[in-house]
Each structure stands twice: as structure tokens, then as C-alpha cells.
Amino acid sequence: MVRDVRNLKAELRRAVEQSLVLLGVEEPVDVPVQPTPPDRPGDYGTPVAFTLARVLRRPPAELARELAARVCPPAGVAGVEAVGGYVNFTVGAAELVRAAAEPLRPPAPVGRRVLVEHTSVNPNKELHVGHLRNIALGDAVSRILRYAGYEVQVLNYIDDTGRQVAETLFALERYGLRYDGVTKYDHWVGQAYVRLHREMEDPRLREELEAGVRAVLHRLESGELRSEVERVLRAQLDTMWRLGAEYDALVWESDLVREGLLQQALALLEHTPYVQRPREGKYAGALVMDTSSFVQGLEDPYLVLVRSDGTATYPAKDIAFQFWKMGLLQGLGFRPFAQQPSGRLLYTSHPEGDRSVGFGGCEETINVIDATQSYPQRVVRAALAVAGRPDLAEVAHHLAYETVTLEGRRISGRRGHTVSVDEVLDEAHRRARAVVAEKNPEHPDPESAAEQVGIGAVRFAMVRTEPRRQIDFRWEQALSFDGDSGPYVQYAHARAASILRRAEEAGVLAEEADFAQATEYERPVARTLLDFPDAVAAAAAQRTPHVLAQYLLDLAAAWNAYYNARHPDGSPATPVLQAPPGLRGARLALVRQVRDVLRTGLELLGVPAPEVM
RNA sequence: GCGCCCGUAGCUCAGAGGACAGAGCGUUGGCCUCCGGAGCCAAAGGCCGCAGGUUCGAAUCCUGCCGGGCGCGCCA
């Protein structure tokens with residue numbers, strides 16, 4: 001009996017391989033088994049005859065016919081036929097539905113630790129739609145890898161010693177601002193930042209402002225202003241949590257420096273032939289790394305790690321962090337920071353933290369950072385190679401996504417050309433609320449449904465396309481509730497859940513399935529259901545959620561088509577609750593699986609799956 | 001200038017070297033005798049940027065060109 005599609009495909013492959021021997025093929029040949037296109041006979045097929053044609057010097061169609069005649073198909077396969085040069089297999093409807101209805105089993109643990117860093121927003125202003133893409137991608141990839149069996153650490157890097165934070169805190173001081181308690185705190189603080197930048201345009205003030213910023217920077221480095229930064233961070237976290245993103249730990253840049261990780265990283269690099277301290281010329285007195293063997297296309301391959309005044313550059317800190325992530329360096333203590341909405345504890349690095357809390361030291365890393373940072377990310381990988389670990393450089397991935405533009409222009413927080421995540425979510429909620437009121441006026445909890453649909457629309461829009469593609473943020477597109485959208489998939493899920501609810505009310509939910517009664521109408525949904533493990537595996541392997549998003553659209557479409565199917569005379573072809581006993585059980589099993597796969601898939605994307613919407 | 005990424009239907013996008021290139025939006029026309037119409041069915045719409053090459057087979061791989069985005073600081 002066929003258990004699931006992985007077995008099925010593997011069994012088909014084996015059967016074909018055995019028949020190859022009968023044809024006199026001795027050399028091992030790769031036998032691809034793929035689903036047949038719609039409107040073609042069969043469910044799965046192989047083009048192996050084309051490969052063979054070359055070796056055996058015979059026409060592919062002829063070989064396909066011979067293969068089809070000799071192959072001994074596994075149990076449950078109802079037919080084998082040659083279609084042109086392809087050999088196609090038809091699985092019986094009963095077997096197909098039975099296999100598709102088999103309960104989901106998550107993949108086994110792979111025993112590999114992966115560290116995903118995402119979000120990493122400067123703690124000095126509210127989140128904008130560019131950050132939205134980062135969070136949606138990073139959170140989805142983390143969930144997918146965890147499901148795929150990896151041990152995943154999700155980190156959010158807090159750049160608390162950066163210029164942007166210094167400018168903001170300086171602005172608050174300079175203008176003597178007091179929090180009004182009304183505006184969300186990160187938005188309020190962001191206004192001070194924008195105001196300072198307006199003032200900085202005046203060349204007469206530049207020196208005075210610069211000195212002020214530098215003074216704050218020093219206080220930040222000493223850790224003196226940590227609680228100020230933390231206050232902004234907590235406001236930002238509310239937005240991240242509202243989106244459904246959660247983290248395992250926050251890593252503060254100041255901790256990285258204070259714990260000496262930066263110095264250790266530099267020490268690792270310093271005695272390699274690639275790193276030098278020139279006595280004269282352009283880089284006199286600085287510590288520089290020659291990246292020419294690792295990064296192409298640079299006029300000047302020398303990268304400054306330590307300035308001639310003794311201060312470290314940003315790339316140096318990045319390198320130290322990366323070394324720690326991959327276990328080249330140890331250190332950093334952690335302690336609990338907050339309880340997240342799901343109950344999961346969020347840790348933070350801290351000078352008084354517990355050093356035995358085991359973050360870092362992963363075998364593979366994924367840095368979710370936009371594509372404009374590709375060069376610094378290559379430098380980070382180069383540093384691993386310089387430190388004698390080219391093997392680690394291979395698995396230090398940069399999940400590079402293209403930036404989000406706004407009306408075709410680059411987002412700029414400073415110039416106010418931006419849309420905040422909070423604003424987007426509020427508007428999404430408002431629009432979804434209106435639709436719920438219209439479509440489902442009896443809804444028991446319309447506010448909660450509107451929130452779930454709004455978030456779902458926004459997050460799905462951010463992950464449905466390939467990360468490398470630039471996207472222009474448009475309200476109608478990001479907040480679309482029909483067509484290829486999050487709510488479309490959510491609706492398909494709610495519809496399946498609704499049928500199961502009614503089945504339970506009618507007392508037929510536990511009815512035994514008689515798969516032998518399965519019809520041709522079930523075939524497309526069943527086949528699509530069987531593709532789920534492949535979709536997740538592909539998303540994990542390629543480290544991109546869009547593969548899974550596209551799959552869920554396919555499944556929702558197949559399920560909706562099934563739901564609406566009619567006989568040629570126009571009468572409903574696929575009633576579930578009114579189907580004859582046995583067939584009803586089989587259809588309920590299929591509907592349950594549709595609901596479970598949609599729910600699981602949506603969860604992996606971080607899109608809520610409401611039962612009623 | 002050099003390097004990286006992207007060019008697929010009017011628009012927004014899928015498409016791990018395999019079967020006549022697929023969705024959504026928009027346009028046109030249909031579907032409430034069923035369990036949710038945020039849905040379904042159908043039609044129209046394509047030199048897959050251009051030109052070569054590799055291959056039994058190319059939207060997919062290679063080379064060149066064209067168009068667009070980004071990067072190339074002792075900034076972060």
C-alpha cells in the first residue's frame with residue numbers, strides 16, 4: 001500500500017531502475033520522477049527515455065514503450081503508459097486520496113544548529129515598511145527551518161552604540177523634550193531625530209551638533225544610557241510582536257565590545273598575512289585587511305578594521321559578531337528580558353548575564369539583511385576565510401532581499417518619506433474590519449478576526465515574491481484581500497474548518513472512510529496535498545519562504561475548485577456532508593488534511609489561520 | 001569604470017534543464033437546488049529584453065549586448 005508521496009516517488013524510481021536492467025542498461029542512470037502536467041495522462045512520469053536514447057542510440061518513444069511494457073509498478077499504481085518519450089504512471093483515485101489523507105508528520109531532526117539574525121533595527125525610531133520585509137522574511141525562514149528539523153536560534157541585534165541612536169538621544173536632550181505619553185514612544189522619539197536632521201542642514205551649527213553627538217556616543221559606549229535605549233527598544237518590540245515575530249535573544253553591540261569579543265576577533269585576524277598595519281601612505285597607523293582574494297570588483301581592496309585613532313569600524317564589530325555566532329569566539333552572558341506573547345522567553349545579552357546560557361556557536365548562520373549590505377556581508381565571509389575557516393564562510397549565508405521602495409522612491413526616515421509598520425497594521429485592521437462586517441455580520445469576535453486578516457494580508461504580501469526582487473509598497477497591493485493573497489489562503493482554511501465544524505455538529509466527523517469510493521474529482525486536491533513536504537523542503541533548502549507561499553496559493557486554489565466542482569449537468573459534484581456514507585468519510589479525511597496543511601503552512605509563514613473569519 | 005542583482009501577458013508576479021509558458025489584478029461573459037460568493041467556471045491577452053552558443057531538449061546553463069536597481073569611505 002502506498003503510504004505517502006515520498007515513498008511513492010521513490011518506489012516508482014526504483015521500479016523504473018529495475019526495468020532498465022531488463023533493457024540491458026548497465027550504467028546507473030539518473031531517473032527523475034516528476035508530476036505530470038495537467039491535461040496529460042497519468043499522475044507522475046519520467047523522461048528517462050530521453051537520456052537513454054543517447055546511450056542506446058534508439059528513439060525515445062520506442063524506449064518509453066518498452067519500458068512501460070516491462071516495468072513492474074508498485075502496489076496502488078493503476079496504470080503505466082508511454083506518452084511520447086515519457087513513461088507515465090496513474091495512481092488509483094483510492095490510493096491517491098488515502099495517501100493524501102495520511103496525517104502530517106514533521107520531518108525528523110537533522111541535528112544541525114542554525115542561527116538566524118533578523119530585524120536588527122536601529123533603536124532610535126519607529127519601524128517602517130522596509131523593516132517589515134526583513135521581519136516577515138526572517139521570521140518565516142526561522143519557522144520553516146525549525147519545522148524542517150534544524151535547531152534554530154533567532155537573534156535580534158541591537159546596535160546601541162551607533163550614530164543613529166546617539167543622534168536621537170542627543171536630540172531629546174538638546175530640545176529638552178518630555179514624553180507626552182500619547183504618541184507611541186518609538187514614534188515620539190523618531191520625531192526628535194528628524195528635527196535634529198533638519199537642524200543639521202545648517203552649516204553654521206554643524207560643529208556644535210557634531211560635538212554633542214560625539215559626547216552622547218561616548219556615554220553610549222560606556223553603557224550609561226542603556227535604559228534610554230531599552231525604552232525605545234521595548235516600544236519597537238510591541239510592533240514586532242504584533243506582527244507575530246518572536247526571538248530567542250537580543251544581542252547588544254555594547255556588550256560585544258565590553259566582553260572583549262571585538263579585541264579577540266582582531267587578535268585572530270592580526271597575525272594572518274592578509275592583515276597589516278601600514279607605516280606610511282593612505283592607511284598609515286590603521287589596521288587593514290586585504291580582501292582582494294575574496295571580493296571582486298573593488299578599486300581598493302583594503303578594508304579598515306581599526307582606524308588610525310584606535311577606534312574600531314563597523315565591519316570589525318560585524319566580524320566579531322559573526323565569529324561569535326559560529327563559535328570561533330566564546331563569551332557573552334545572557335539573562336531573561338521579557339515574556340513574549342506566546343509565552344516564549346526572550347533573553348538579552350547583559351554584562352551581568354549568565355555565561356552558561358548557550359547562544360552562539362552554530363554550524364550555520366543566516367543573516368537577513370537587505371541587498372545594499374552585500375559588500376559588508378562578503379567582507380564578513382572573507383574574514384572567516386582569513387581566520388583560516390573557509391569552511392565556515394561557505395555556510396555563513398546572507399539572505400539578501402531587495403529594498404522596499406515607496407511610490408518608486410527610496411524610503412528615507414530622515415526626510416520623512418516613509419510609512420510606519422504601525423500605520424500599515426492599523427490601516428490593514430480597519431479595512432479587514434469593514435470586510436468582516438460585510439461578509440460575516442454575525443462574527444463572534446470581529447476585532448480579533450480583522451487583526452488576523454490584516455496581519456495575514458501584510459505578511460503574506462511580503463513573502464510571496466522572491467526576496468531578490470525589488471518591491472514597491474502600495475496599499476492596494478499589500479492590503480489586498482482577494483486573488484493571490486494571504487486572506488485568500490486564510491479563507492480557504494476557514495472554509496475547510498467550517499465544514500469540519502458542521503460535520504462534528506452532525507455527528508459524522510468520526511465516520512470511517514471508504515477510500516474505494518473516491519472519485520476523479522478528488523484527484524487534483526489529493527495530488528497537491530502530497531506536494532507539501534517537497535514545498536517545505538524546497539523553502540528550507542533555498543532559505544526562502546516564497547516557495548511555500550506559492551504552494552499554499554496552489555493548494556487553496558485546488559481546494560476551492562474542488563469545493564465548487566459541478567457535474568456536466570450543473571449539479572454539485574463534491575458534497576461532503578451530504579455524500580453517501582463511506583465516501584463522506586473519505587471526503588472528510590481529505591478536508592481535514594486540507595485544513596491541517598493550510599494551517600501548518602500558514603503558521604510557517606507567520607500568517608494567522610483563523611477558524612472563522 | 002569595475003562588481004552584484006533583476007528584465008516572463010496592459011499591471012504585479014510564479015516557473016530546482018524536460019511535456020503545448022502558469023497565477024492574480026484589470027477587461028468581457030457566466031455560476032447562490034450543496035457544506036462560507038474573501039469563492040468558482042470561461043474568453044481575450046506572450047518574438048520569456050536582444051543576439052549567439054551548449055544540449056535529444058533552454059524562460060532555466062554559458063558568452064556578448066541593451067534596459068533598470070544597488071554597491072565600490074579611516075560613515076554606520
Side-chain angles (χ1 to χ4, degrees), chain A residues 32 34 36-40 45-47 49-51 53-54 59-60 83-86 88 122 159 161-164 282-288 295-309 311 313-315 317 370-376 378 400 402-403 405 410 432 435-436 438-440 453 464-466 468-472 474 476-477 480-485 487-488 490-492 494-503 506 538 541-542 546-547 549-550 553-554 556-557 560-566 570-579 587 591 612-613:
Chain A
Q34 57 205 28
T36 56
D39 309 343
R40 288 277 162 172
T46 176
F50 290 102
T51 322
R54 186 179 175 75
V83 182
Y86 292 86
N88 288 359
N122 279 316
D159 184 2
T161 59
R163 203 186 154 81
Q164 298 211 34
K282 192 174 162 190
Y283 296 114
L287 187 72
V288 299
V295 185
Q296 269 83 56
L298 296 177
E299 252 174 73
D300 179 352
Y302 291 97
L303 176 92
V304 175
L305 296 172
V306 179
R307 303 184 187 96
S308 44
D309 69 3
T311 59
T313 60
Y314 187 83
K317 294 176 190 171
D370 75 77
T372 67
Q373 302 296 315
S374 292
Y375 168 61
R378 295 183 85 158
E402 268 299 340
T403 44
T405 57
R410 237 178 130 156
V435 177
V436 172
E438 179 203 332
K439 311 268 186 190
N440 195 354
V453 171
R464 54 167 290 216
T465 68
E466 206 184 348
R468 269 196 301 268
R469 198 176 280 276
Q470 200 167 58
I471 55 184
D472 192 41
R474 290 184 210 158
E476 322 79 61
Q477 214 169 291
S480 167
F481 296 156
D482 37 42
D484 282 355
S485 70
Y488 174 79
Q490 290 176 316
Y491 182 72
R495 181 181 251 174
S498 168
I499 293 177
L500 293 167
R501 226 170 16 245
R502 283 174 182 271
Q542 296 172 42
H546 87 277
V547 177
Q550 294 292 335
L553 288 171
D554 286 346
N560 278 329
Y562 174 75
Y563 178 89
N564 283 293
R566 279 156 190 279
S571 62
T574 55
V576 176
L577 301 176
Q578 254 105 72
R587 286 180 172 166
V591 173
V612 183
M613 60 189 269

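Every chain is numbered from 1, with letters handed out A, B, ... down the list of sequences.
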Undergrad: Report yes if at least one side-chain N or O of A/R468 is closer than 4.0 Å to OP1 or OP2 of B/C5; otherwise report no.
TA: no
Undergrad: Looking at A/R378, does any N or O in its side chain come under 4.0 Å of the phosphate oxygens OP1/OP2 on B/G3?
TA: no
Undergrad: For the side chain of A/N88, starting at C-beta, report the closest nucleotide among B/G36, B/G18, B/A19.
TA: B/A19
Undergrad: Can you tell me which nucleotide in B/C72, B/A76, B/U33 comes closest to the side chain of A/S571?
TA: B/U33
Undergrad: I'd like the P distance from B/C47 over to B/U8, given in whole Å.
TA: 11 Å
Undergrad: Quick one: which of B/C74, B/A19, B/G39 gets closest to the side chain of A/D482?
TA: B/G39
Undergrad: Please check this pair: side chain of A/T574 against backbone of A/Y562, looking for a donor-acceptor N/O pair closer than 3.5 Å.
TA: yes
Undergrad: Please classify the nucleic acid contact of A/A549 as base, sugar-phosphate, or nothing, using heavy-atom distances under 4.0 Å.
TA: nothing
Undergrad: Does A/Y491 make a side-chain N or O approach to OP1 or OP2 of B/A38 shorter than 4.0 Å?
TA: yes
Undergrad: Tell me whether the OP1 or OP2 atom of B/C4 has a side-chain N or O from A/S374 closer than 4.0 Å.
TA: no
Undergrad: Checking contacts here: which listed nucleotide (B/U8, B/C40, B/A38) is nearest the side-chain heavy atoms of A/R469?
TA: B/U8
Undergrad: Side chain of A/I471, heavy atoms from C-beta onward: which of B/A19, B/C70, B/C13 has the nearest atom to it?
TA: B/C13
Undergrad: Return no unless some side-chain N or O of A/Y563 is found under 4.0 Å from OP1 or OP2 of B/G37.
TA: yes
Undergrad: Nearest to the side chain of A/P575 - B/A19, B/U12, B/C34?
TA: B/C34
Undergrad: Does A/R502 put a side-chain nitrogen or oxygen below 4.0 Å from OP1 or OP2 of B/G36?
TA: yes
Undergrad: Closest-nucleotide mapping onto RNA chain B: is A/T161 or A/A538 further toward the 5' terminus? I mean the 5' end.
TA: A/A538
Undergrad: Looking at A/R501, I'd like to know whether one of its side-chain N or O atoms comes within less than 4.0 Å of OP1 or OP2 on B/C35.
TA: no
Undergrad: Indicate yes or no: at least one non-hydrogen side-chain atom of A/T46 is less than 4.5 angstrom from one of A/Q34.
TA: no
Undergrad: For the base of B/A19, is there a side-chain donor-acceptor partner from A/D39 under 3.5 Å away?
TA: no
Undergrad: Hey, is the side chain of A/Y283 poking within less than 4.0 Å of OP1 or OP2 on B/C74, counting only N and O atoms?
TA: yes
Undergrad: Identify whether any heavy atom of A/A53 sits under 4.0 Å from a base atom; if not, whether one sits that close to sugar-phosphate; answer base, sugar-phosphate or nothing.
TA: nothing
Undergrad: Look at all strands and tell whether A/V591 reaches a base, only sugar-phosphate, or nothing, counting heavy atoms closer than 4.0 Å.
TA: nothing
Undergrad: Who is the Watson-Crick or G-U wobble partner of B/G64, with both distances under 3.5 Å?
TA: B/C50
Undergrad: Can you tell me the base-pairing partner of B/G3? Count Watson-Crick or G-U wobble geometry only, both distances below 3.5 Å, and say none if there is no partner.
TA: B/C70
Undergrad: Side-chain N or O of A/R307 less than 4.0 angstrom from OP1 or OP2 on B/A76?
TA: yes
Undergrad: Check the orientation of A/Y283 and A/Y302. Use parallel for under 30°, tilted for 30 to 60°, and perpendicular for over 60°.
TA: tilted
Undergrad: Can any side-chain N or O of A/N440 pair as donor or acceptor with the backbone N or O of A/M613 at less than 3.5 Å?
TA: yes
Undergrad: Please work out if A/R464 contacts a base, only the sugar-phosphate, or nothing of the nucleic acid, heavy-atom cut-off 4.0 Å.
TA: sugar-phosphate
Undergrad: Kindly state whether the pair A/Y86 / B/G18 counts as stacked, where counting means centroids closer than 5.5 Å and planes tilted less than 30° apart.
TA: no
Undergrad: Quick one: the side chain of A/E299 and the base of B/G1, do they pair up donor-acceptor inside 3.5 Å?
TA: yes
Undergrad: Applying a 3.5 Å limit to both distances, which nucleotide forms a Watson-Crick or G-U wobble pair with B/A23?
TA: B/U12
Undergrad: Check whether any side-chain N or O of A/H546 sits under 4.0 Å from OP1 or OP2 of B/C13, and answer yes or no.
TA: no
Undergrad: Return whichever of A/V453 or A/R410 has its heavy-atom-nearest nucleotide of RNA chain B closer to the 5' end.
TA: A/V453
Undergrad: Counting side-chain heavy atoms from C-beta on, which of B/G18, B/C74, B/A23 comes nearest to A/D484?
TA: B/A23
Undergrad: Measure from the side-chain heavy atoms of A/Q550 and tell me the nearest of B/A14, B/G39, B/G71.
TA: B/A14
Undergrad: Any base atoms under 4.0 Å from A/F50, or only sugar-phosphate, or nothing? Heavy atoms, all strands.
TA: base
Undergrad: Looking only at side-chain atoms of A/N560, point me to the closest of B/A19, B/U8, B/G39.
TA: B/G39
Undergrad: Of all the nucleotides listed (B/A76, B/C40, B/C34), which has the minimum atom distance to the side chain of A/P572?
TA: B/C34
Undergrad: Using OP1 and OP2 only, check whether a side-chain N or O of A/R40 sits under 4.0 Å from B/C20.
TA: yes
Undergrad: With a non-hydrogen cut-off below 4.0 angstrom, is A/Q490 in contact with a base, only sugar-phosphate, or nothing?
TA: nothing
Undergrad: Is a donor-acceptor pair below 3.5 Å formed from side chain A/S308 to base B/C74, judging by atom type as modelled?
TA: yes
